[in-house]
K.L.:
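Please read through the structure below; I'll follow up with questions.
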Protein chains: 2
Amino acid sequence: MLEQLKLDNQLCFRLYTVSRLITQAYRPLLEPLGLTYPQYLVLMVLWERDNQLVSDITHRLMLDTNTVTPLLQRMEREGLLVRTRGIADGRQTLVSLTHKGKHLEEKAKDVPSCMADNLRCGSSDVERYASLVTSLDEMIETIKVKEK
Amino acid sequence: MLEQLKLDNQLCFRLYTVSRLITQAYRPLLEPLGLTYPQYLVLMVLWERDNQLVSDITHRLMLDTNTVTPLLQRMEREGLLVRTRGIADGRQTLVSLTHKGKHLEEKAKDVPSCMADNLRCGSSDVERYASLVTSLDEMIETIKVKEK
DNA sequence: TTAATTTATATCGTTCACGATGCAAAAATA
DNA sequence: TATTTTTGCATCGTGAACGATATAAATTAA
């Protein structure tokens with residue numbers, strides 16, 4: 001058995017697992033709001049600035065339209081946002097929050113601190129957190145560049 | 001706008017993104033082998049030790065049967081493994097590699113080093129890699145415990 | 001031994017993620 | 001201006017993830 005093929009040696013498997021577990025940890029916080037984690041991400045983008053194009057959202061979340069469009073359609077059905085086609089450029093779609101979508105920001109205000117509590121472990125010092133964020137940002141840059 | 005709700009401040013979004021980008025980076029390496037990343041994970045478990053129960057695999061990958069069973073069914077259809085029901089305990093299902101499944105280990109032997117090259121960036125020293133792995137393992141433990 | 005409970009796996013329905021493809025509007029080129 | 005190419009978004013099909021539920025075998029309790 002090649003040492004490299006052992007699962008425990010794999011950074012990638014850890015990242016895959018952590019990502020899944022985090023999404024699971026969000027569930028009890030987001031379900032009362034009627035949101036999934038990807039939907040919450042879309043709302044964070046729109047809470048930061050309303051009335052953005054589909055392309056703005058895909059770039060921000062680093063997802064493609066074939067993921068984001070159905071996501072937005074479901075959120076539109078839920079009455080969280082409205083999609084308006086063809087303003088200046090007829091190809092574009094503008095995404096705007098409804099009153100309900102805006103109002104959710106208030107209800108979601110405790111989600112980040114609850115998640116922070118969930119992730120906080122004994123040794124979670126500020127330095128390690130910062131180092132982790134830096135490493136992840138580097139990885140995102142590295143992979144993004146090599147892909148394209 | 002609450003500072004905490006800003007996307008860029010979110011460790012979780014970074015982990016979600018890194019995980020997705022890594023799966024994407026695996027694709028060109030695994031597609032020639034006819035594998036997806038989760039299927040590759042299952043094979044790594046079975047290459048390490050053949051003839052394991054479904055429960056062994058779910059525990060190892062920290063997934064549930066409702067994810068693993070369909071995954072194994074697709075892999076069985078592809079002729080990579082065989083599922084045998086009811087040996088000593090009639091509820092269990094034993095998963096065994098076929099010749100084709102075993103043979104893939106040879107073909108996959110360069111995948112880890114190729115991925116390592118993909119992830120390697122300028123400043124990726126051994127220390128940071130080790131620190132990253134430690135942080136992720138801590139997070140996995142923390143979330144796992146709090147969930148159950 | 002029969003009945004109740006637990007365990008191991010499977011099934012179902014919904015939402016993502018994403019490659020491939022389609023399509024209409026806009027921009028570039030002839 | 002007519003044609004080609006590009007761009008922005010949508011649609012389709014497949015494979016995960018996962019909550020909820022189902023089912024049959026094994027275990028425990030009565």
Side-chain angles (χ1 to χ4, degrees), chain A residues 13 16-28 30-32 34-42 52-78 80 83-95 143 147-148, chain B residues 13 16-28 30-32 34-43 52-59 61-78 80 83-95 143 147-148:
Chain A
F13 173 64
Y16 160 83
T17 301
V18 168
S19 176
R20 277 196 315 104
L21 293 179
I22 284 179
T23 304
Q24 286 176 33
Y26 266 109
R27 199 175 307 273
L30 294 179
E31 202 186 48
L35 295 175
T36 65
Y37 182 59
Q39 289 172 7
Y40 173 66
L41 292 179
V42 169
Q52 297 196 57
L53 299 177
V54 170
S55 57
D56 295 328
I57 298 173
T58 61
H59 291 142
R60 202 67 205 293
L61 299 182
M62 288 184 262
L63 289 164
D64 208 345
T65 58
N66 53 5
T67 299
V68 171
T69 294
L71 190 53
L72 293 174
Q73 286 170 341
R74 284 185 288 268
M75 294 176 76
E76 188 170 34
R77 257 188 273 138
E78 294 294 322
L80 298 171
R83 299 183 310 140
T84 321
R85 190 103 204 211
I87 317 90
D89 187 328
R91 293 166 299 181
Q92 297 175 335
T93 295
L94 189 70
V95 182
I143 304 178
E147 295 290 291
K148 261 296 147 63
Chain B
F13 173 64
Y16 159 83
T17 301
V18 168
S19 177
R20 279 194 315 102
L21 292 179
I22 284 179
T23 304
Q24 286 176 32
Y26 265 109
R27 201 176 305 275
L30 295 179
E31 202 186 48
L35 295 175
T36 64
Y37 182 58
Q39 289 172 7
Y40 173 67
L41 292 179
V42 169
L43 287 181
Q52 297 197 56
L53 299 176
V54 170
S55 57
D56 296 329
I57 299 174
T58 62
H59 291 143
L61 298 182
M62 288 184 261
L63 290 164
D64 208 344
T65 58
N66 53 5
T67 299
V68 170
T69 294
L71 190 53
L72 293 174
Q73 287 170 342
R74 284 185 288 268
M75 294 176 76
E76 188 170 34
R77 256 188 272 137
E78 294 294 322
L80 297 171
R83 300 182 311 139
T84 321
R85 191 102 204 213
I87 316 91
D89 187 327
R91 294 166 299 181
Q92 298 176 334
T93 296
L94 189 70
V95 182
I143 304 178
E147 295 291 290
K148 261 295 148 61

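In what follows, chains carry the letters A, B, and so on, assigned in the order in which the sequence lines appear, proteins first and then strands, with residues in each chain numbered from 1.
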K.L.:
Measure across A/Ser55 and A/Thr58 and return the closest heavy-atom pair with its distance rounded to 0.1 Å.
P.N.:
O-OG1, 2.9 Å
K.L.:
Go through C/dA8, D/dA16, D/dC9 for me and flag the one nearest to the A/Val54 side chain.
P.N.:
D/dC9
K.L.:
Separation of B/Arg20 atom CZ from C/dG19 atom C1', in whole Å?
P.N.:
14 Å
K.L.:
Is there a side-chain contact between B/Gln39 and B/Leu71 (heavy atoms, below 4.5 Å)?
P.N.:
yes
K.L.:
Under 4.0 Å from any atom of DNA chain D, heavy atoms only: list the residues of residues 65-74 of chain B that qualify, in numerical order.
P.N.:
B/Asn66, B/Thr67, B/Leu71, B/Arg74
K.L.:
Where the side chain of A/Gln92 is defined as all heavy atoms beyond and including C-beta, which of D/dG15, D/dG8, D/dA10 is the nearest nucleotide?
P.N.:
D/dG8
K.L.:
Could you tell me how far apart A/Asp56 (CG) and D/dG8 (C1') are, to the nearest whole angstrom?
P.N.:
12 Å
K.L.:
What is the distance, rounded to the nearest whole Å, between atom CD of A/Glu78 and atom C1' of C/dC16?
P.N.:
15 Å
K.L.:
A/Leu41 and B/Tyr16: which non-hydrogen atoms are nearest, and at how many Å?
P.N.:
CD1-CE2, 3.5 Å
K.L.:
Quick one: closest heavy-atom pair of A/Arg27 and A/Pro32, and the distance?
P.N.:
O-CD, 4.3 Å
K.L.:
Between A/Ile143 and B/Leu21, what is the shortest heavy-atom contact and its length?
P.N.:
CG2-O, 3.7 Å
K.L.:
Is any side-chain heavy atom of A/Met62 closer than 4.5 Å to a side-chain heavy atom of B/Arg20?
P.N.:
yes
K.L.:
Hey, does the side chain of B/Thr93 come within less than 4.0 Å of C/dA10's phosphate (OP1/OP2), counting only N and O?
P.N.:
yes
K.L.:
If you assign A/Asp64 and A/Thr36 each to the DNA chain C nucleotide with the nearest heavy atom, which residue ends up on the more 5' nucleotide?
P.N.:
A/Thr36
K.L.:
Return the value, rounded to whole Å, for the distance between atom CZ of A/Arg77 and atom C1' of C/dT14.
P.N.:
10 Å
K.L.:
Picking from C/dC18, D/dC9, D/dA16, which would you name as closest to the side chain of A/Leu63?
P.N.:
C/dC18
K.L.:
Round to a whole Å and report the spacing from CD of B/Glu31 to C1' of C/dC18.
P.N.:
12 Å
K.L.:
Please determine whether a side-chain nitrogen or oxygen atom of A/Thr23 lies at a distance below 4.0 Å from atom OP1 or OP2 of D/dC18.
P.N.:
no
K.L.:
Using OP1 and OP2 only, check whether a side-chain N or O of A/Arg85 sits under 4.0 Å from C/dA25.
P.N.:
no
K.L.:
Rounded to whole angstrom units, what separation is found between the CE atom of A/Met62 and the C1' atom of C/dC16?
P.N.:
17 Å
K.L.:
Between A/Arg83 and B/Gly90, just flag the one whose closest nucleotide in DNA chain D comes earlier from the 5' side.
P.N.:
A/Arg83
K.L.:
Tell me the interatomic distance from B/Gln39, atom CD, to D/dT14, atom P, rounded to whole angstroms.
P.N.:
15 Å
K.L.:
Measure from CZ on A/Phe13 to C1' on D/dA17 and round the result to the nearest Å.
P.N.:
14 Å
K.L.:
Shortest non-hydrogen contact from A/Phe13 to B/Tyr37?
P.N.:
N-OH, 3.3 Å
K.L.:
When you get a sec, tell me which of C/dC16, C/dG19, D/dC9 is the closest nucleotide to the side chain of B/Gln24?
P.N.:
C/dG19
K.L.:
What nucleotide, of C/dA25, C/dA17, C/dG19, holds the atom closest to the side chain of A/Asp89?
P.N.:
C/dA25
K.L.:
Quick one: does any side-chain atom of B/Arg83 pair with a main-chain N or O of B/Leu94 as donor and acceptor, under 3.5 Å?
P.N.:
no
K.L.:
Between D/dA17 and A/Tyr16, is there an OP1 or OP2 to side-chain N/O distance shorter than 4.0 Å?
P.N.:
yes
K.L.:
Where the side chain of A/Arg91 is concerned, which of D/dG8, D/dA16, C/dA8 is the nearest nucleotide?
P.N.:
D/dG8
